Amino acid sequence: MNKEEIFNYCKNISKKEEITFKYIKSESEKAEFRNFSIENYKMNNIDKLFIRVIDKGKIGSYSIQGITKEKIEKGIKKAKDIAKNKKSEVKFESFGKDVNHKQIKSDFRIENVDFSKKLEEIKKNLTKDKYIQGYLGGISKNHIESFFINPYFSKENKKDFVSLSSLVITKNKKKSSGDFFSIFTKEEDIDINQTFMQAKHNAYTLMDPVNGEKGEYTLIFTPEITREFFEFILSGTKGEAIEKKNSFLHDSLGKKIFSENINLKEEPTLDYFLSSSKIDDEGFKTSKKNIINKGVFRKPIYNLYESIKYNKKPTGNAFLENGFDPEYTNIIQEASNKKIDDMISKTKKGILIYEILGFHTNKITTGDFSLTISSGKAIRDGQFKETVTNLNLTGNLRELFREIEFSKEQKFFGSSLYSFSKIQKVKLI
Amino acid sequence: MDKKIIPMLYDIKKYLNTKNLDYFEIRFEKHKNRIIDVENTSTKELIEKETEGIGIRIIIDKKVGFLALNEFSKYKEKIDKVIENTKRINKKTEFKNYSTNKGKDILKYKDFESISNSQKIKEINEINKEILKTSNRDIKILNSEIIYKETEIEKYFLTNHAEIHQKRPYTVFYSKITGKKNYQIETNVDRLGSIGGLELFNKEEKIKMVLENRKTLQELLESKPCPAITTDIILSPDVGELLAHEAIGHACEGDFLIDKTTVLKKGLKVSKNPEVNIIDNPEKKDFGYFKYDDEGIKAKKVDLIKNGVVNDFMTDITTATKLNEISNGSARSENYNFLPIVRMSNTYFKEGTTKEKDMLSDYTGFLLKGFSGGEVDTNIGTFMFGIRQAYEYKHGEIINKYKQASISGDILKYLNKITEISNKIGNFEFGYCGKNGQTAFVSGSSPLIKIEDVIVGGTKHE
């Protein structure tokens, strides 16, 4: 069955029953580069259909691939059986009935980008010099089509993007590396050369690492690291974690807990952002949210199950990709007007940190973290000095982010924007 | 497996044989999953899903192309496009000694369908009640969640020379408990998991595990934040396993050797202690078990570190060809949607000679237990592990219990500091290992490992 046939078949069923269908078809072309050449051309063509039913107040779910009418019928029956077997304290009446016809722009021209020409551009960038030992990375061109159908509304969506990651391996006195990653959502933005230039710049900058010395430093995080820290904070803003007191932010709603420079927003309908969506996959309208405003935690998010369980309203954040657990769409961290070059030049003793190991060991219940800086550039009196490695950064996020400042410059991560960030007087061991 | 699948694989094979390819392989995979998530006494989620599709690797003019699809009507058109685009890449890959195996490995197990969902939910509810009734004035149980997962993986591998059919089941049981003591709140996760079906864990074993988790939670609630300190450490089996997997296992993956992104090389002495032996063994029937890898090569045990010296690397056909060797069967892919890459299986430290009681009887230092993730940069040899609990010993007595620590450092220097390894290996723990966007089922263990003079990173500065 093609997408149109599946859509029509599912649409007819959903007219009669409390049932939702989410269909995703993803097509991609990928290639990897290794050392100085391109290898492994890959093409992926995958579709899947996720079925959710409400039967006697309970939800049953079933997912299928290789979609046929028989499989859809079997999937619905399975989903109903699953619903019957649940012993749930939460009783569902219906999925969301919201309707939203706002149009969100995507650049469909990317679908027609000639992938082989991009490979030619990459070949030109796999240059050799006395320091570069090789490259590792890959490019992918992605086209994703989806639809969502429930008894009240249906939406179709298309997304196109190109992603490129490049790791440059260097050797001088010691081996080291530097990398850069880009996501392009507009055809005119696709810039292979710029990504390679930035990766090479990072690799040259981070050559010959030495073990860092314990002490007190001003830390400057790249936008990539800023993003990692904020993703840690965001995981603590989920409604369920707040209600269960599993989050270090459970007692912080409405309180100023971070620096007033921290303004974090969800913007769900931005053009050319990959997580944009007007209705979530449970049928509820997405909305703009001030998650953290001037350091004050403002708004947790809930899916349908949690909203019933905790007597809250669904916030339009439940998506299939995350198993219907609440997840933000697009995240915008508010930039300042300070230039990163000025932030660095005003640093007396600091480190510009490029890579940290151990983010996934952070403890969401307490906000405690214990991380290892594996790659950073020492700064003394505003000047870059040696590359440092093997320094430990430990503490609690509420304390670390009490004072923080951000740069004007931001990086686009496909569905988020983050700045460089600077924190004074941090002890490293 | 659907009866239509094998004839279709043969049709695809027939078509590929008309394309004048250097090599091709067709991999069909079907994964069936069931997840039951019970929170306190309510079923939060019950999901079943099936994923199936075909991955086709082709080599033409020594260039590698790959197609993954699960809608088969236009496969000829898609194969043609992949062949055309593969010709445009410039890397030529040598691919020698590919599989000629014909075989089956269909594991016998108690069928997941032999017990109904409602019976499984009933049992999980009863187990959860055992935890909820331990809530008291001292420790209040805020939440107890059990996540139970069943997975059944069926694979069919077909080339002009090889044909292999494999089927494996996996069962996993997680307990996540959140508790409160005074103003402190902690969450802890413990788990059981292995290769096998419903015969694996009986109700009593599951209750034992969740009660053990409750005990650990209480310890965490009563422990102080770990200080940062330089000290001797002893790694418990679950942390030792992490050292074997993260610090050594990844650095012994053949693709990293080819890419020159590992600090290890054959013959390199990484420890002055000859008892340091690290093994990757896919033949062991545990979570990382497989008989044939995803290139159809028979899997075998690899001695990665032998007597403190780097002995061998795990390889797939491509890396083995480059190293002028024969693949040792370490190529694995998450599913049909990915090309196989070099992966670990069941990775562990071999037993040493010291008795556990001799190691601990007059010990002064920290004993580290329970891991909360790990990461390694194989290029420069830096690693970092999160540790759940740290016990401070003085002359064989525990004098302090701490929580949330970490260890990090340079792989090469770290192994050199191993002074003693106990003569008894611990239980194998299952895990999911991530690499290049793919997940592999793995397991590992170790004896107690004593390491001198290292930094334990804590969450409290001294």
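Just so we're on the same page: letters track the sequence lines, and every chain starts at 1. In this text, all values refer to a predicted model and were calculated from it rather than measured experimentally.
In this structure, R52(A) fails the cation-pi test against Y62(A), since its NZ or CZ atom is not both closer than 6.0 Å to the six-membered ring centre and inside 45 degrees of the ring normal. Annotation: cation-pi geometry satisfied between K435(B) and F256(B) (NZ/CZ under 6.0 angstrom from ring centroid, within 45° of ring axis).
Of the two parts of K309(A), only the side chain, counted from C-beta on, holds a non-hydrogen atom closer than 4.5 Å to a non-hydrogen atom of chain B. Both the backbone and the side chain of D255(B) come within less than 4.5 Å of a heavy atom in chain A. Contacts of K71(A) with chain B are made by side-chain atoms alone, with heavy-atom separations under 4.5 Å and no backbone atom involved. Looking at K260(B), both its backbone and its side chain come within 4.5 Å of chain A, counting heavy atoms on both sides. Using a 4.5 Å cut-off between heavy atoms, T372(A) touches chain B through backbone and side chain atoms alike. When heavy atoms are compared at a cutoff of 4.5 Å, E399(A) does not approach chain B at all. Using a 4.5 Å cut-off between heavy atoms, N35(A) contacts chain B through its side chain alone, with no backbone atom that close. When heavy atoms are compared at a cutoff of 4.5 Å, Y336(B) approaches chain A solely by way of its side chain, counted from C-beta outward. Heavy atoms of S177(A) lying under 4.5 Å from chain B belong to its backbone as well as its side chain. In this structure, the portion of K123(A) lying under 4.5 Å from any heavy atom of chain B is its side chain and not its backbone. When heavy atoms are compared at a cutoff of 4.5 Å, N143(B) approaches chain A solely by way of its side chain, counted from C-beta outward. Looking at F359(A), only its backbone comes within 4.5 Å of chain B, counting heavy atoms on both sides. In this structure, the portion of E355(A) lying under 4.5 Å from any heavy atom of chain B is its side chain and not its backbone.
Chosen from E29(A), R34(A), H250(A), K171(A), the residue pairing most often with chain B at heavy-atom distances under 4.5 Å is R34(A). Interface summary for chain B: among M43(A), K48(A), E39(A), the most heavy-atom pairs under 4.5 angstrom belong to M43(A). Among the candidates K44(B), E71(B), E52(B), the residue making the largest number of heavy-atom pairs closer than 4.5 Å to chain A is K44(B). Among L136(A), T68(A), N211(A), T366(A), the residue with the largest count of heavy-atom pairs under 4.5 Å with chain B is L136(A). With chain A as the partner, the residue from N70(B), I47(B), T382(B), T230(B) showing the most heavy-atom pairs under 4.5 Å is N70(B).
A 4.5 Å side-chain heavy-atom check between L220(B) and Q389(B) finds at least one atom pair inside the cut-off.
Electrostatic pairing of K86(A) and E45(B) counts as a salt bridge here, judged by a charged N lying under 4.0 Å from a carboxylate O. Look at E48(B) and K78(A) and you find a salt bridge, because one of the NZ, NE, NH1 or NH2 atoms lies within 4.0 Å of a carboxylate O, short of that distance. E89(A) and K58(A) are not joined by a salt bridge, as no carboxylate oxygen comes within less than 4.0 angstrom of a charged side-chain nitrogen.
Between the CZ atom in F338(B) and the CG atom in N44(A) there is a gap of 7.5 Å [rounded to 0.5 Å].
Counting only N and O atoms by type, the side chains of N392(A) and T394(A) include no donor and acceptor under 3.5 Å apart. Side chains of T261(B) and T378(B): a donor-acceptor N/O pair is absent below 3.5 angstrom, by distance only. Inspection of the N246(A) and T178(B) side chains reveals an N or O donor paired with an N or O acceptor under 3.5 Å. With 3.5 Å as the limit, one finds no donor-acceptor pair spanning the side chains of S372(B) and R388(B).
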